[in-house]
K.L.:
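Dropping the structure in here first, questions after.
For reference, positions follow the sequence shown, starting with 1. These numbers were taken from a predicted model, which means no experiment stands behind them.
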Amino acid sequence: MRSNPFGKQFAASALALAVSLGAHAVTDEDILNDHNTVDDIVSYGMGVQGQRFSPMDALNTDNVRYLQPAWAFSFGGEKQRGQESQPLIKDGVMYVTASYSRAYAIDARTGEEIWQYDARLPDGIMPCCDVVNRGGALYDDLFIFGTLDAKLVALNKDTGKVVWIKKVADYQAGYSMTAAPLIVKGKLITGVSGGEFGIVGKVEARDPNTGDLLWMRPTVEGHMGYVYKDGKEIENGISGGEAGKTWPGDMWKTGGAATWLGGTYDPDTDSLFFGTGNPAPWNSHLRPGDNLFSSSRVAIDPDDGSIKWHFQTTPNDGWDYDGVNELISFDYEENGKTVKAAATADRNGFFYVLNRENGDFIRGFPFVDKITWAKGLNEDGSPIYNTENGRPGNPANADGEKGETVVAFPAFLGGKNWMPMAYSQDTGLFYVPSNEWSMDIWNEPVSYKKGAAYLGAGFTIKPANDEFIGVLRAVDPKTGEEVWRYNNPAPLWGGVLATAGNLVFTGTPEGYLKAFDAKTGEELYKFNTGTGVVGTPVTWEMDGDQYVSISTGWGGAVPLWGGEVARVVKDFNQGGTVWTFKLPSDRVAAN
């Protein structure tokens, strides 16, 4: 941990002030109300439901063009790469993570560093898709985040000193952690990364004050779940009821289904919603069956980790259409009744609306321009597979070394990947960062070896168009209509924010923070940050002013896995900075 001496002084003062006001600790109530409060951001997703909607309207379509940088903070050093973190703000202090498992506390008024923590990572870590981190969690007087060697680190949020460190999984087997933790009902809820290495996905709950395990739920059918009480490990049922019902042989033991993006929480149904990643290996001919609970959304009881329901978007996934993308709760009116729904934009190119009380399929529709692996969805939401050149071929039916190559839309990086979408309570629309690309994909023989890539497939990603790859879409979840779209030359890989000021913010790999009219899609603002943007914007109020912040720094999975697309973006600048913008006080009133 490195502390800025000036920051130390500030931290002590801030802490004293906070203590005197009795407001320094982050409570469960603070987190549950995060979507309604504007003077802090104490959860990933700007609310546990993950809507990423701010009720603030001081900054709006009439004055956003006057938005100006207030300060910029460099993450420093040579550790750049992708910066996918979402900042948190509490009592005038910003908490943000950076690449290579670093964390910072920053004076939100001035951009001065208060403290920095660098995790001591061992050699041999195996993050599949860049050395990113997406953010941390605030609880009580702690800031907690996951590391690339699959540990959780809890820091005193005022000093940056380590309170506890817990090993979550074996990094030498391929596990890592990149998602922001979630705090629900006094529990620290986390997932794990590593699906490309034949790990077993799981969701865990811990005591945030000590890091002690409370329960653990595997996301591959056949593995036992546990609760932990009074120092004892107590069996809590096998995921799916018994081993390997939808898996051949022992393949469920290395079945993947990593929960690498973390989860959301719905207080109405008291349910955690987690997406699960691809089944391992990619070669689907080695594992005939649905391969539960891979490429799915699962609803989990936060009290003991039991699975309430599941919805599988790509059974027997053979394209790496990993179902880990976020499931966002929202309500809408239909036939005079309130529908408690939840929506997700899947990597497979379909947008799903589910009944979040029981997981029933309500509707689904494509949100990308072209899908080739499936012809559509059945009444229960299951895919209607394209049986002619839809699935990459079985090597056993060819020369035994390489199966038939197929061209699949979308590419395995997905119609949408990790980058979070936003839901506006005003427009009733989802704002979805997406990409138009295809891939050549084929299968190969493969055997499991601890810590080695477990794919059994090869691939090359290609742009679907000459003019654009990224598309920011406004999607109506009730009709499937694409209300507006913004085409971007490079792939979109950053998150989205919607506001009551009728604005939608996102960043581009070309380096721009952009704002759009939420109803029409008209581009109203852009600012070049000097490096590619793959972070997620936030907005909050401080001293009566509305601020916008975003982490910048080009990286993520596209430069590493993107094939011909990676060549398109090879000249983009790396970086590592969190930018903060403010509307001058004399511009708050429209014009």
K.L.:
Please check if the distance between the ring centroids of Tyr423 and Phe53 is under 6.0 Å.
P.N.:
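Between Tyr423 and Phe53, the centre distance exceeds or equals 6.0 Å.
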
K.L.:
Which heavy atom in Leu292 sits nearest to a heavy atom in Trp247, and how many Å separate them?
P.N.:
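Heavy atoms only, the tightest pair is O-NE1, 2.7 Å.
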
K.L.:
Can you check ring-ring contact (aromatic ring centres under 6.0 Å, His included) on Phe143 and Tyr95, steps first, answer last?
P.N.:
CA-CA 8 Å; Phe143 178 74; Tyr95 303 88; 5.8 Å; yes

K.L.:
Is there a donor-acceptor contact under 3.5 Å from the side chain of Lys245 to the main chain of Gly240?
P.N.:
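Between the backbone of Gly240 and the side chain of Lys245 there is a qualifying donor-acceptor contact (under 3.5 Å).
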
K.L.:
Out of curiosity, Leu152 CG to Ile144 CD1, how far, rounded to the nearest 0.5 Å?
P.N.:
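So the gap between those two atoms works out to 7.5 Å.
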
K.L.:
Keeping the roles fixed (side chain from Asp30, backbone from Thr27), state whether a donor-acceptor pair exists under 3.5 Å.
P.N.:
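Answer holds: yes.
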
K.L.:
If you look at every heavy atom in Thr313 and Gly323, which pair is closest and at what distance?
P.N.:
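Result for this residue pair: OG1-CA, 4.3 Å.
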
K.L.:
Can a donor-acceptor pair be found between the side chains of Thr344 and Asn325 at a distance below 3.5 Å?
P.N.:
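No donor-acceptor contact under 3.5 Å links the two side chains.
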
K.L.:
Could you name each residue pair satisfying salt bridge (Lys or Arg N to Asp or Glu O under 4.0 Å) that touches residues 267-279, not counting sequence neighbours?
P.N.:
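Residue pairs with at least one partner in residues 267-279: Lys185-Asp270, Asp268-Lys340, Asp268-Arg356.
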
K.L.:
Strictly by modelled atom types, are Arg134 and Thr97 linked by a side-chain donor-acceptor pair under 3.5 Å?
P.N.:
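No, because no side-chain N or O of Arg134 sits under 3.5 Å from a partner of the opposite role on Thr97.
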
K.L.:
Checking Arg81 side chain against Val132 main chain: does a donor-acceptor pair fall under 3.5 Å?
P.N.:
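Pair absent, no side-chain N/O of Arg81 close to backbone of Val132.
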
K.L.:
Would you find more than 12 non-hydrogen atoms of other residues, nucleotides or ligands less than 6.0 Å from Lys187 atom NZ?
P.N.:
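Yes, because the 6.0 Å sphere around NZ of Lys187 holds more than 12 heavy atoms from other groups.
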
K.L.:
Check for a donor-acceptor pair, side chain of Asp130 on one end and backbone N or O of Gly82 on the other, with a separation under 3.5 Å.
P.N.:
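Pair found, side chain donor or acceptor close to backbone of Gly82.
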
K.L.:
Is the Phe197 to Tyr454 ring centre distance short of 6.0 Å?
P.N.:
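No, the ring of Phe197 stays outside the 6.0 Å limit from the ring of Tyr454, centre to centre.
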
K.L.:
Please report the interatomic distance CD1(Ile550) to OG1(Thr539), rounded to the nearest 0.5 Å.
P.N.:
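OG1 of Thr539 is found 11.5 Å from CD1 of Ile550.
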
K.L.:
Any donor and acceptor pair, going by atom type alone, linking the side chain of Asn417 with main-chain N or O of Met419 inside 3.5 Å?
P.N.:
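Absent.
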
K.L.:
Looking at Lys151 and Asp149, is any side-chain nitrogen of the basic one under 4.0 Å from a carboxylate oxygen of the acidic one?
P.N.:
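Yes, this pair counts.
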
K.L.:
Report the distance from atom NE2 of His24 to atom CG of Asp91, rounding to the nearest 0.5 Å.
P.N.:
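The CG atom of Asp91 is 9.0 Å from NE2 of His24, to the nearest 0.5 Å.
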
K.L.:
Which atom pair, heavy atoms only, marks the closest approach of Asn236 to Asp304?
P.N.:
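Smallest heavy-atom distance, with atoms named: ND2-O, 3.0 Å.
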
K.L.:
Under a 4.0 Å N-O cut-off, is there an ion pair linking Lys450 with Asp170?
P.N.:
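Asp170 and Lys450: salt-bridged.
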
K.L.:
As an exercise, state the distance from CD1 of Ile183 to CG of Leu142, rounded to the nearest 0.5 Å.
P.N.:
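If we round to the nearest 0.5 Å, Ile183:CD1 and Leu142:CG are 8.5 Å apart.
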
K.L.:
For a quick check under 3.5 Å, do Glu84 and Trp493 share a side-chain donor-acceptor pair by atom type?
P.N.:
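Judged by distance alone, the side chains do pair up.
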
K.L.:
Please tell me whether Gln312 and Arg297 have a donor and an acceptor in their side chains that are separated by less than 3.5 angstrom.
P.N.:
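There is no such pair between these side chains.
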
K.L.:
What's the separation between atom CD1 in Ile300 and atom CG in Leu272, rounded to the nearest 0.5 Å?
P.N.:
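Reported to 0.5 Å precision, the distance equals 6.0 Å.
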
K.L.:
State whether the side chain of Ser329 and the backbone N or O of Gln49 hold a donor-acceptor pair below 3.5 Å, judged by distance alone.
P.N.:
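Checked: no pair found.
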
K.L.:
Classify the side-chain pair Asn291/Asn316 by whether it contains a donor and acceptor separated by less than 3.5 Å.
P.N.:
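Asn291 vs Asn316: donor-acceptor pair found between side chains.
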
K.L.:
Under a 3.5 Å cutoff, is there a donor and acceptor pairing between the side chains of Thr552 and Gln83?
P.N.:
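No pair is found: no donor N or O on one side chain lies under 3.5 Å from an acceptor on the other.
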
K.L.:
Aromatic rings Phe311 and Phe361: how do their planes relate, parallel, tilted or perpendicular, breaks at 30° and 60°?
P.N.:
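Rings of Phe311 and Phe361: parallel, as their planes differ by under 30°.
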
K.L.:
So, for Tyr117 and Tyr104, is the gap between ring centers shorter than 6.0 Å?
P.N.:
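No: the rings miss the under 6.0 Å criterion.
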
K.L.:
Does the ring center of Tyr265 lie less than 6.0 Å from the ring center of Phe273?
P.N.:
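No; Phe273 has its ring centre 6.0 Å or more from that of Tyr265.
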
K.L.:
Can you say whether the rings of Trp319 and Tyr321 are parallel (under 30°), tilted (30 to 60°) or perpendicular (over 60°)?
P.N.:
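Answer is parallel, since the angle falls under 30°.
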
K.L.:
Is there a donor-acceptor pair under 3.5 Å between the side chain of Asp322 and the backbone N or O of Val324?
P.N.:
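Checking the backbone N and O of Val324 against the side chain of Asp322, a donor-acceptor pair under 3.5 Å is found.
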
